[in-house]
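Atoms considered below: every heavy atom in the structure, side chains included; atoms not considered: hydrogens, waters and symmetry mates.
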Amino acid sequence: MRVPQVRLIGPKGENVGVVSVEEALRIARDAELDLVEVAPNSDPPVCRVMDFGKFIYERAKKEQIGRASCRERG
C-alpha cells in the first residue's frame, strides 16, 4: 500500500478507526488473518482484517447464485 494511513475494520467487524498501515498489518498478523483493502478509492482507503481465502470463496458463491437466478429469468 502506498498510503500512510487506512480506515480499519477489525476482525469482528468493529470500526477500529484511522490507523497507520503498519499498525493495521500488526493487528491482522496478531489475529492471524489478512489485511484486505475493501474500498481503495476512499480517503483514507478502507481495509478490513479478514480471512482472504474465505472472502474469495464467499464472493464466488454469490456470483454463482447471481448467474443462476439470471438464467432462470431468461
Side-chain angles (χ1 to χ4, degrees):
M1 283 185 221
R2 298 179 183 202
V3 294
Q5 296 181 321
V6 296
R7 183 169 306 279
L8 185 64
I9 301 170
K12 296 176 183 159
E14 73 279 11
N15 183 7
V16 176
V18 178
V19 298
S20 69
V21 172
E22 293 81 16
E23 178 71 9
L25 287 168
R26 186 192 61 74
I27 291 169
R29 191 173 36 251
D30 289 349
E32 297 182 354
L33 294 169
D34 304 303
L35 182 64
V36 180
E37 191 174 39
V38 294
N41 296 328
S42 297
D43 186 27
V46 179
C47 293
R48 182 174 204 141
V49 176
M50 62 181 5
D51 181 345
F52 187 67
K54 183 178 176 182
F55 171 74
I56 294 295
Y57 173 79
E58 289 174 355
R59 188 173 70 182
K61 292 300 267 184
K62 286 179 187 176
E63 288 174 2
Q64 281 181 335
I65 292 168
R67 283 193 302 266
S69 65
C70 287
R71 280 188 234 133
E72 290 172 1
R73 285 187 234 140

Q: Does one hydrophobic cluster hold both Val49 and Leu25, with members joined at side-chain heavy-atom distances below 4.5 Å?
A: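 Per the 4.5 Å side-chain linkage, Val49 and Leu25 are co-clustered.
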Q: Who pairs with Glu23 by side-chain hydrogen bond (donor to acceptor under 3.5 Å, both in side chains), at least two apart in sequence or on another chain?
A: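 Partners of Glu23 under the side-chain hydrogen bond (donor to acceptor under 3.5 Å, both in side chains) test: Arg26.
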Q: Can you name the closest pair of heavy atoms from Met50 and Leu33 and give their distance?
A: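 Closest pair (atom of Met50, atom of Leu33, distance): O-CB, 3.6 Å.
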Q: Report the residues that fulfil side-chain contact (heavy atoms from CB on, under 4.5 Å) with Arg2, sequence neighbours left out, ordered by chain and then residue number.
A: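 Arg2 satisfies side-chain contact (heavy atoms from CB on, under 4.5 Å) with no other residue.
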Q: Mind checking whether Phe52 and Val38 sit in one hydrophobic cluster, side chains of I, L, V, M, F, W, Y counted as touching below 4.5 Å?
A: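 Yes, one cluster joins them.
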Q: Just so I know, are the side chains of Ile56 and Arg59 near enough to count as touching, which here means a heavy-atom distance under 4.5 Å?
A: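 The answer is yes; the side chains approach within 4.5 Å.
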Q: Not counting sequence neighbours, which residues clear side-chain contact (heavy atoms from CB on, under 4.5 Å) with Lys61? List them please.
A: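 Per chain and number, Lys61 pairs via side-chain contact (heavy atoms from CB on, under 4.5 Å) with Tyr57, Gln64.
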Q: Does any pair with a residue in residues 31-57 pass salt bridge (charged side-chain N to carboxylate O under 4.0 Å, His left out), and if so which ones, sequence neighbours excluded?
A: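 Non-adjacent pairs meeting salt bridge (charged side-chain N to carboxylate O under 4.0 Å, His left out): zero.
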Q: Tell me whether Leu35 is reachable from Val19 by hopping between hydrophobic residues (I, L, V, M, F, W, Y) whose side-chain heavy atoms are closer than 4.5 Å.
A: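 Yes, Val19 connects to Leu35 through the hydrophobic network.
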Q: Using atom types as modelled, flag every donor-acceptor pair under 3.5 Å from a side chain in residues 5-18 to any protein atom, sequence neighbours excluded.
A:
| from | atom 1 | to | atom 2 | distance (Å) |
| --- | --- | --- | --- | --- |
| Glu14 | OE1 | Lys12 | N | 3.0 |
| Asn15 | OD1 | Gly17 | N | 3.1 |

